[in-house]
Undergrad: 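Let me begin by handing over the structure; questions about it come next.
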2 protein chains.
Amino acid sequence: MYDNVKGVPLGLQIRWLRQDRGLTLEQLATRSGTSAPTLHRYESGWDRFEIRTLERIATALDAGLEVRFVPASPESDPEQTTEELVEILAPLFWDRELQVSDLSEYPSWVLGRVLMYGQREQVRAASRFFGEDAIATAVERREVDDRTRNYWQAVLADSCTPRS
Amino acid sequence: MYDNVKGVPLGLQIRWLRQDRGLTLEQLATRSGTSAPTLHRYESGWDRFEIRTLERIATALDAGLEVRFVPASPESDPEQTTEELVEILAPLFWDRELQVSDLSEYPSWVLGRVLMYGQREQVRAASRFFGEDAIATAVERREVDDRTRNYWQAVLADSCTPRS
DNA sequence: CTTAACATTATCATACATGATAATACGATA
DNA sequence: TATCGTATTATCATGTATGATAATGTTAAG
């Protein structure tokens with residue numbers, strides 16, 4: 001219905017800006033190379049514009065015109081593979097190369113390292129893989145110092161709403 | 001020169017979205033009630049659109065179209081905080097909420113997204129934060145297609161004079 | 001009351017955005 | 001090589017956005 005998916009009809013926007021600038025229809029028409037009756041038509045409900053017409057009007061109003069496609073949010077991100085997780089966490093295992101098998105054989109060790117040194121996104125990735133319970137448990141382990149523990153408990157409590 | 005004062009030609013946006021959706025010209029043409037040659041014309045540099053045409057295409061691409069007047073930017077903007085940058089870039093990260101930490105942890109990823117989908121002001125904001133070298137490097141990455149690369153290289157070379 | 005400024009309505013001609021169509025080009029595959 | 005799917009180029013007819021113009025309405029001021 002409206003030209004602008006965000007709501008305010010373009011004609012109203014033109015009128016507001018024009019009045020804000022203290023211009024009459026005739027003055028704006030002169031500045032934008034159109035006519036007062038045409039502008040009136042636009043301000044009164046016209047909704048089938050050419051972009052260049054709007055641009056000329058915008059310029060005359062000392063404004064810009066923004067026209068863009070707004071992608072709808074696509075499908076939720078695909079399932080994360082084990083290999084991808086290893087890749088994400090690899091930087092944290094500078095002393096020993098992380099293997100895919102480590103994720104299943106030494107989950108506590110992996111998680112401890114992630115919590116101690118990982119960034120938020122790495123922890124999130126791990127959480128998605130191991131589950132939140134595993135993270136909560138790992139946070140309680142003694143290798144994790146208090147400061148880190150408090151930090152992650154605060155962060156994870158805060159971000160209990162995963163992006164869907 | 002461009003339809004969209006903020007940067008990415010509408011034709012490029014159409015092409016990106018179409019390819020992102022995995023549609024051929026013919027498929028999109030059918031969905032949007034136009035023809036493949038017409039779409040090709042649009043994707044190839046056409047810049048005099050009617051709003052309703054763009055809207056039909058957007059709908060066929062499961063996207064929206066945003067058209068609005070943008071009041072001229074007042075006094076030059078003050079120093080930009082990290083939070084502000086995140087806010088500016090947030091719309092580009094529709095599939096996953098952008099965090100402040102992402103800026104430091106995954107700069108390449110962030111910049112890639114910004115270059116692929118961002119508007120000029122978003123790229124500028126990113127450039128101010130990451131530095132022009134980072135942008136130049138990001139432009140060279142392979143996720144950025146040739147056309148986009150050429151575009152930004154042209155634009156950024158053009159605007160090497162920062163606003164003072 | 002008259003006048004001027006501004007807004008509003010209606011009509012019409014012109015430029016041109018658009019889609020249909022045909023022809024051709026290109027890349028991948030058998 | 002031939003074939004197919006897709007993209008690209010070119011031409012043309014149609015619908016319509018647009019601005020010019022005339023006429024009319026509204027409001028404020030003198």
Undergrad: Are more than 12 heavy atoms from other residues, nucleotides or ligands located less than 6.0 Å from atom CD of A:Glu83?
TA: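 Counting other residues, nucleotides and ligands, CD of A:Glu83 exceeds 12 neighbours.
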Undergrad: Could you tell me the separation between the CD atom of B:Glu50 and the C1' atom of C:dG19, rounded to a whole number of Å?
TA: 12 Å
Undergrad: Tell me, please, whether A:Trp16 has A:Arg18 positioned over its six-membered ring: NZ or CZ under 6.0 Å from the ring centre and within 45 degrees of its axis?
TA: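 Negative - A:Arg18 is either too far from the ring of A:Trp16 or too far off its axis.
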Undergrad: OP1 or OP2 of D:dA17 versus the side-chain N and O atoms of A:Arg56: is any pair under 4.0 Å?
TA: no
Undergrad: Please figure out whether B:Ala36 or B:Leu54 has its closest DNA chain C nucleotide nearer the 5' end.
TA: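 The residue mapped nearer the 5' terminus is B:Leu54.
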Undergrad: For B:Leu23 and for B:Thr38, locate the closest nucleotide of DNA chain D by heavy-atom distance; then report the residue assigned to the nucleotide nearer the 5' terminus.
TA: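 Per heavy-atom nearest nucleotide, the more 5' residue is B:Leu23.
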Undergrad: Taking the side chain as C-beta and beyond, is there a heavy-atom pair between A:Leu54 and A:Glu50 under 4.5 Å?
TA: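 They are not in side-chain contact.
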Undergrad: How far does OG1 of B:Thr38 sit from CG of B:Leu28, to the nearest 0.5 angstrom?
TA: 11.0 Å
Undergrad: May I ask you to evaluate whether A:Arg15 reaches the phosphate of C:dA7, defined as a side-chain N or O under 4.0 Å from OP1 or OP2?
TA: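 For C:dA7, neither OP1 nor OP2 has a side-chain N or O of A:Arg15 closer than 4.0 Å.
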Undergrad: Atom CD1 of B:Ile51 and atom C1' of D:dT18: how far apart are they, to the nearest Å?
TA: 15 Å
Undergrad: Look at A:Arg41 together with A:Glu43 and state whether they make a salt bridge at an N to O cut-off of under 4.0 Å.
TA: no
Undergrad: C:dA10, D:dA17, C:dT18: which one has an atom nearest the side-chain heavy atoms of B:Phe49?
TA: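 Between C:dA10, D:dA17, C:dT18, the one nearest the side chain of B:Phe49 would be C:dT18.
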Undergrad: Is any side-chain N or O of B:Ser35 under 3.5 Å from a base N or O of C:dG19, one able to act as donor and the other as acceptor?
TA: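 No, the side chain and the base share no sub-3.5 Å donor-acceptor pair.
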Undergrad: Between P on D:dA7 and CD1 on B:Ile14, what's the gap in Å once rounded to a whole number?
TA: 14 Å
Undergrad: To the nearest 0.5 Å, tell me how far B:Leu103 CG sits from B:Leu89 CG.
TA: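 These two atoms lie 7.0 Å from each other.
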Undergrad: The side chain of B:Arg41 is closest to which nucleotide in this list: D:dA7, D:dT11, D:dT21?
TA: D:dT11
Undergrad: Using OP1 and OP2 only, check whether a side-chain N or O of A:His40 sits under 4.0 Å from C:dT8.
TA: yes
Undergrad: Contacts to DNA chain D from residues 24-34 of chain B, heavy-atom cutoff under 4.0 Å, which residues?
TA: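 When residues 24-34 of chain B is checked for heavy atoms under 4.0 Å from DNA chain D, the hits, listed by number, are B:Thr24, B:Leu25.
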Undergrad: In whole Å, what is the span from the CZ atom of B:Arg48 to the C1' atom of C:dA17?
TA: 8 Å
Undergrad: Within this structure, what is the CH2-to-C1' distance between B:Trp46 and C:dG19, rounded to whole angstrom?
TA: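 It works out to 12 Å between those atoms.
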Undergrad: Taking only side-chain N and O atoms of A:Arg52, does any of them lie within less than 4.0 angstrom of OP1 or OP2 on D:dA17?
TA: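 Looking at the OP1 and OP2 atoms of D:dA17, neither is under 4.0 Å from any side-chain N or O of A:Arg52.
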Undergrad: What is the nucleic acid contact for A:Ser44, judged by heavy atoms within less than 4.0 Å: base, sugar-phosphate only, or nothing?
TA: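 It contacts nothing in the nucleic acid.
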Undergrad: For C:dA7, take OP1 and OP2 only and decide whether either is under 4.0 Å from a side-chain N or O of A:Tyr42.
TA: no
Undergrad: Quickly work out the B:Leu10 CG to C:dA17 C1' distance and round it to whole Å.
TA: 15 Å
Undergrad: Please identify each residue that fulfils salt bridge (charged side-chain N to carboxylate O under 4.0 Å, His left out) with A:Arg56, with sequence neighbours left out.
TA: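 A:Arg56 satisfies salt bridge (charged side-chain N to carboxylate O under 4.0 Å, His left out) with no residue once adjacent residues are dropped.
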